Amino acid sequence: MISHHPEARLWLLSTPGTSYAFQLDADDVPRHVHWGRPLTLEQAVVIAADLPAEDPGSDDAGGEEYVVEGGLRFGAPSLTVRFDDGVRGFEWRFLSHTVEGGRLTLSFADRVRSLGLDLHYRILDGHDQIERWAVLTADEPVDVLRFDSAAWTLPARDDYRVSHVVGEWGREFQLQRDRVPVGETVFTSRLGITGQHAGPWLMLDAHDATEEHGEVWSAALAWSGSRRITLRRDPYGRASWTGGFGHEGLVWKLVPGESLETPVFTGLYAPDGFGGASRRWHAYIERQVLPARPAERPLIFNSWEATEFDITEKQQAELAELAAGVGIEVFVVDDAWFGTRTSDMAGLGDWWPNPDRFPAGLGPLADRVRALGMGFGLWVEPEGVNPDSDLFRAHPDWILHQDGRTRTLRRNQHVLNFARRDVREWAVEWLVRTVTELDVVFLKWDMNRSFSEVGQPGAADPDRIWIEHTRGVYEVMDRLRAARPGLYLESCAGGGGRADLGVLARADQVWTSDNTDAADRIAIQHGHCQLLPARTMGAWVTDSPNSFTARPTSIRYRFHVSMAGAMGIGGDLRKWSEEDLAWARMLVEQYKRIRPVVHGGALYRLDHDAVQYLTEDEVVVFQFQPSALNRSVVRTRLKGLDPDARYRDVATGAVHEGAVLLGHGLPPLLSFDWTSELVHLRRVPR
Ligand code: GLA
């Protein structure tokens, strides 16, 4: 619900579990009032009246709802503009506000210049998230140096801690918890893509939150390109952050009549710890962000680790036969099916079946896969091009480049400029045609490099590519989905390099990491699920020893780790023993039984790497043994159960009391390093 107090010039956004309030001061400056536990309008007005007036000892008023440049403002701005005559900044003049359902828009203009700024808010039934974005409209030429979606202000606390994920190729989503230093900390990607080194979200707490207790404030940016979130803790102890698309140094030019809209930056307050924050994010992403679908993701086989660039029709058909035998639902051919792509040196951009490898095209393989009862899937990298390709030879100007500058290669490829309409039309044409002709049901959309020499010679507003490329990728994905509504999309960028709420409005899941070592995956999956639901977490079972780390692990352990997400198989099934294939069949059957709980239930992180999924009537718990933990004394306590209910172990028939599972836990089950257990419980009717 959105309420307004005209005298106090205050707005209150109320979600089921939280309240958010701000007001306009006498100079029309929007000032933050409250973000936290639920309040009435009258209570919010009391808090607003109590806000500190200008502090004579401080250079910076702080606490602004959206920080512009000008006056006594010295923190990181949300908006920086420069007009043609060199004048900078924005002076607030309030025009009007509108409320439509859960949507609130406040319109402002600069006091003297022809520049309009709208601040948007949206709340959604049944969720505690607040979506925010901004629109700038120019009626005179203006350079935009920074234009953030929103600024978020925290209540005063004695200390602050930030949780976020960092990483690299093969080590994505590593959860970090760091004390927030006094000063400014910038969480940024200048890569042009989301990137593996940092996730586009933050969670803050007063250094007192645990998994299930304590206040957590968080925000996630729905954007897959370069971004910048500046977190600030000022010397007076206050904390806030502002964030949006782009990074420092970029300049976007608006011409009269033009508008620029930011991506959505969604904020969430949770009173019940990091677990509570994660479950609220999962529910929001599942119902409001992801394409509408049944919760359960298909069980795929992916050929990459098994055959890499060395693929043939016969060998893929052999793998398909084995995959069908263990219960796979979709067979996905990864890289190297097209053009002259026999290594990463050539062929990227030439999206027709390699005639030497597939003399009659991919049709016969796709038909064979379907005859085996599976759907057919493919890997593509629409934004990449090798210089050694027909596409590049025909269109050398289609890549991001600048006159006179080196065209830097990475993985022997350039980035196609999706800000160009002709490039987007080309991509939509071959993607829709390929997916339609072959009846592709699952498409892995990869993107294997960061940007360099970003430009388009002759472009009037060259830095706009940093925005328009990402929007172009979204447009192509949206048009492809519209043409093939049943198609599953998997977002990949050298593993988990494109995992954000922008792409997840189009992609059903993420390829989490090229590191498929199950032991390493525990930390990767732990970080992924801080924000993103388990159903979005692509997780293959591969060979042992692992090709990435050479670590040997048991087949059960590898399956259990993958079963905690959107499982797939990515190993070379031709090399699996009869015994392993029998295990695989059994574990796949078990996965299919628990999949509705893993993909549709609420996720609870338990002690000691254990993870639990809970629906109304079912509980699934995975326990993983790291090294050097004395399991004989460690018990795994479950969460969220009904203490008065009883739960039957589906495998053993043993019946447990809810109160005992909550208070005392499951008996110790594990002994050796890298072992695991799966416990599936069903509520027993009383
Ligand atoms: C990237 C992906 C891998 C695989 C290869 C193919 O590295 O992350 O999963 O698809 O490309 O070249």
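Atoms within a ligand are numbered from 1 in the order they appear, just like the ligands themselves. Just so you know, these numbers come straight off a predicted model, no measurement behind them.
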Any Lys/Arg nitrogen of [X] or [Y] sitting under 4.0 Å from an Asp/Glu carboxylate oxygen of the other?
X	Y	value
E321	R368	yes
E468	R420	no
R479	E425	yes

Q: Report the C-alpha separation of F418 and W398 in whole Å, then their side-chain angles, then the decisive distance to 0.1 Å, and conclude whether the ring pair (Phe, Tyr, Trp, His ring centres under 6.0 Å) test is met.
A: CA-CA 9 Å; F418 268 52; W398 274 14; 9.4 Å; no
Q) N/O of A493 under 3.5 Å from N/O of ligand 1, yes or no? A)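 N/O-N/O distance below 3.5 Å does not exist for this pair.
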Distance under 6.0 Å and angle within 45° of ring axis: [X] vs [Y]:
X	Y	result
R506	Y474	yes
R521	W511	yes
R293	Y488	yes

Q) Does ligand 1 have any atom that is closer than 4.0 Å to a heavy atom of R411? A)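 Right, R411 reaches ligand 1.
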Tell me which protein heavy atom sits closest to [atom], plus the residue, atom name and distance to 0.1 Å.
atom	result
atom 3 (C) of ligand 1	D514 OD1, 3.2 Å
atom 1 (C) of ligand 1	D446 OD2, 3.0 Å
atom 4 (C) of ligand 1	D334 OD1, 3.4 Å
atom 6 (C) of ligand 1	D335 OD2, 3.3 Å

Side chain, backbone, both or neither: which part of [X] comes within less than 4.0 Å of ligand 1 when only heavy atoms are counted?
X	answer
N448	side chain
E381	neither
C492	side chain

Q: Under 4.0 Å from a heavy atom of K444: give me the atoms of ligand 1 that qualify, with their elements.
A: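 Counting from 1, the qualifying ligand atoms are 3 (C), 4 (C), 9 (O), 10 (O).
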